[in-house]
Amino acid sequence: IVLTAQGREAYRYACRIVNDSRKLEEMSHQNMVKYLRISLNPSSWFTNQFVEFYKKNYEKNYHFEVYTAGVRTVMERVRDYLSDIGFVYVMEQQKKEFQYELTKNRLVFQVMQESTATFYPGKQNPLYQDLEEMDHSKENAFTVTMEQMKSMRFIQNYRDEFLELNEKEKRGTFSWENLDLAVVTNSDYIMEKMLRETDLCNISGSYLSGNQKAVNHGIPLEHEKNKVVFGYIGRKNEETEEAVEELLQFLKGELEKEN
């Protein structure tokens, strides 16, 4: 049993009514405080920025709800008014399917940063030792092949961050099909601990390289479409709320500092 198209539309309006009612109730009990609901892909970088944003705006008495999930769930939460904004990482080869889903759900995506898809070996992996021992001025010369990766085990945040491609699109692009995804998790803590203490590997954007607790060095993937795009999802033709805009301006400022 599934909803019809009209039923899905009615469901979305119902979600909005219910959640707006909850927000009104929260505001009445909290002296009209501002309430910001965020959905995002698991990200140590974002976690650090969120803590700094909270401390910077402590006197404003903002209230937050932060929910981590895969790309598709983040989209659905923003669409259904369960979250005010969603932050996701999208592989370049995924952008066509991602844009289709956005349009279908009356959502928009704004790019904030592009980074290189990077291979991170766990500290017990022989490749990690090779990276540690090499001259880091020549680090960009170090490569890892698809054949090498096929012999390794991986830990990743979500399968649905990398949608399936048709045969034509697969040529010359990175594919998960032949890799051993030993662990799939939405926990950055598990991700970092596994990378520190096992031979599991991870493929993420170069944003992970700033997290020295997880891994010290990564190897950029030499593939035609190897970019990871970071940005935010919002609802089409809706004004950005003040608290959301403040968060966006803060994140943009931090990204500019890093670049």
Side-chain angles (χ1 to χ4, degrees), residues 3 7-90 98 101-113 157-158 160-161 185-189 191 207 229-258:
L3 290 171
R8 289 195 296 271
E9 190 72 14
Y11 172 75
R12 292 171 193 170
Y13 281 114
C15 286
R16 181 174 185 178
I17 292 169
V18 170
N19 284 283
D20 283 351
S21 298
R22 289 175 182 167
K23 186 179 290 188
L24 285 171
E25 185 177 355
E26 289 159 358
M27 292 169 69
S28 67
H29 286 89
Q30 300 170 5
N31 298 319
M32 300 296 284
V33 299
K34 295 177 181 177
Y35 200 83
L36 178 56
R37 301 166 301 171
I38 305 166
S39 287
L40 67 145
N41 293 159
S43 166
S44 294
W45 178 85
F46 189 95
T47 299
N48 294 333
Q49 305 312 318
F50 175 76
V51 171
E52 293 304 314
F53 179 78
Y54 177 84
K55 292 191 294 186
K56 181 179 179 180
N57 293 278
Y58 181 80
E59 298 301 326
K60 296 180 181 179
N61 196 28
Y62 285 165
H63 285 60
F64 300 91
E65 176 183 303
V66 183
Y67 185 94
T68 61
V71 173
R72 191 173 298 280
T73 300
V74 171
M75 292 173 62
E76 291 171 350
R77 288 182 63 84
V78 175
R79 180 198 67 191
D80 295 339
Y81 292 85
L82 298 173
S83 295
D84 301 306
I85 191 168
F87 294 92
V88 295
Y89 294 94
V90 183
F98 180 60
E101 291 293 326
L102 290 170
T103 303
K104 186 174 69 174
N105 291 289
R106 297 182 59 79
L107 300 170
V108 292
F109 178 70
Q110 182 64 46
V111 175
M112 299 184 74
Q113 187 185 52
N157 271 331
Y158 276 101
D160 73 348
E161 289 184 35
T185 178
N186 69 343
S187 168
D188 263 13
Y189 177 77
M191 172 80 72
Y207 55 85
V229 179
F230 170 70
Y232 62 90
I233 299 171
R235 291 180 288 272
K236 191 175 182 179
N237 299 326
E238 289 195 15
E239 293 185 8
T240 305
E241 295 184 13
E242 181 181 350
V244 174
E245 188 59 37
E246 287 187 11
L247 174 62
L248 289 174
Q249 292 306 316
F250 174 81
L251 293 176
K252 289 175 182 177
E254 295 303 305
L255 288 170
E256 288 174 0
K257 290 178 186 178
E258 294 179 9

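- When side chains are defined from C-beta on, Phe98 counts as touching Met75, because their heavy atoms get closer than 4.5 Å.
- With sequence neighbours excluded, no residue forms a ring-ring contact (aromatic ring centres under 6.0 Å, His included) with Tyr232.
- Here the closest heavy-atom approach between residue Asn41 and residue Val88 is recorded as OD1-CA, 3.3 Å.
- Atoms CH2 and CG, on Trp45 and Leu251 in that order, are 5.0 Å from each other to the nearest 0.5 Å.
- A heavy-atom distance below 4.5 Å is not found between the side chains of Phe87 and Phe50.
- Within 6.0 Å of the NZ atom in Lys252, the count of heavy atoms belonging to other residues, nucleotides or ligands exceeds 12.
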Apply side chain to side chain contact (heavy atoms under 4.5 Å, CB included) to residues Glu52 and Glu254 and explain how you reach the verdict. CA-CA 10 Å; Glu52 293 304 314; Glu254 295 303 305; over 6 Å; no

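- Taking all atoms of both residues into account, the shortest heavy-atom contact from Val229 to Phe109 is CG1-CE2, 3.9 Å.
- We find the CG-CD distance between Leu3 and Glu9 to be 11.5 Å, quoted to the nearest 0.5 Å.
- Between His63 and Tyr35, the angle of the ring planes stays under 30°, which puts this pair in the parallel group of the 30/60° scheme.
- Within a 6.0 Å radius of CD in Glu239, no more than 12 heavy atoms belonging to other residues, nucleotides or ligands are found.
- For the residue pair Phe46 and Ser43, the shortest heavy atom distance occurs at N-OG, 3.0 Å.
- Side chain of Arg79 to backbone of Arg106: no donor-acceptor contact under 3.5 angstrom is found.
- A 4.5 Å side-chain heavy-atom check between Arg235 and Leu107 finds at least one atom pair inside the cut-off.
- At least one side-chain heavy atom of Tyr11 sits less than 4.5 Å from a side-chain heavy atom of Asp80.
- Taking OG1 of Thr240 as the reference point, atom CD1 of Ile85 lies at 7.0 Å (rounded to 0.5 Å).
- Remark: side-chain polar atoms of Ser83 are not paired, donor with acceptor, to backbone N or O of Gly86 under 3.5 angstrom.
- Interatomic distance, CZ of Arg37 versus OH of Tyr81, reported as 10.0 Å (0.5 Å rounding).
- Distance alone, capped at 3.5 Å, places no donor-acceptor pair between the Arg77 side chain and the Leu40 backbone.
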Stepwise side chain to side chain contact (heavy atoms under 4.5 Å, CB included) test for Glu65 and Leu82: CA-CA 10 Å; Glu65 176 183 303; Leu82 298 173; 5.9 Å; no

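- Side-chain contact between Glu241 and Leu36 is absent, with no heavy-atom pair separated by less than 4.5 Å.
- Considering all non-hydrogen atoms of both residues, Pro42 and Thr68 come closest at CG-CB, 4.3 Å.
- In this structure, the separation between CD on Glu101 and CD on Glu76 is 8.5 Å, given to the nearest 0.5 Å.
- Rounded to the nearest 0.5 Å, atoms CE (Met112) and CG (Leu248) are 5.5 Å apart.
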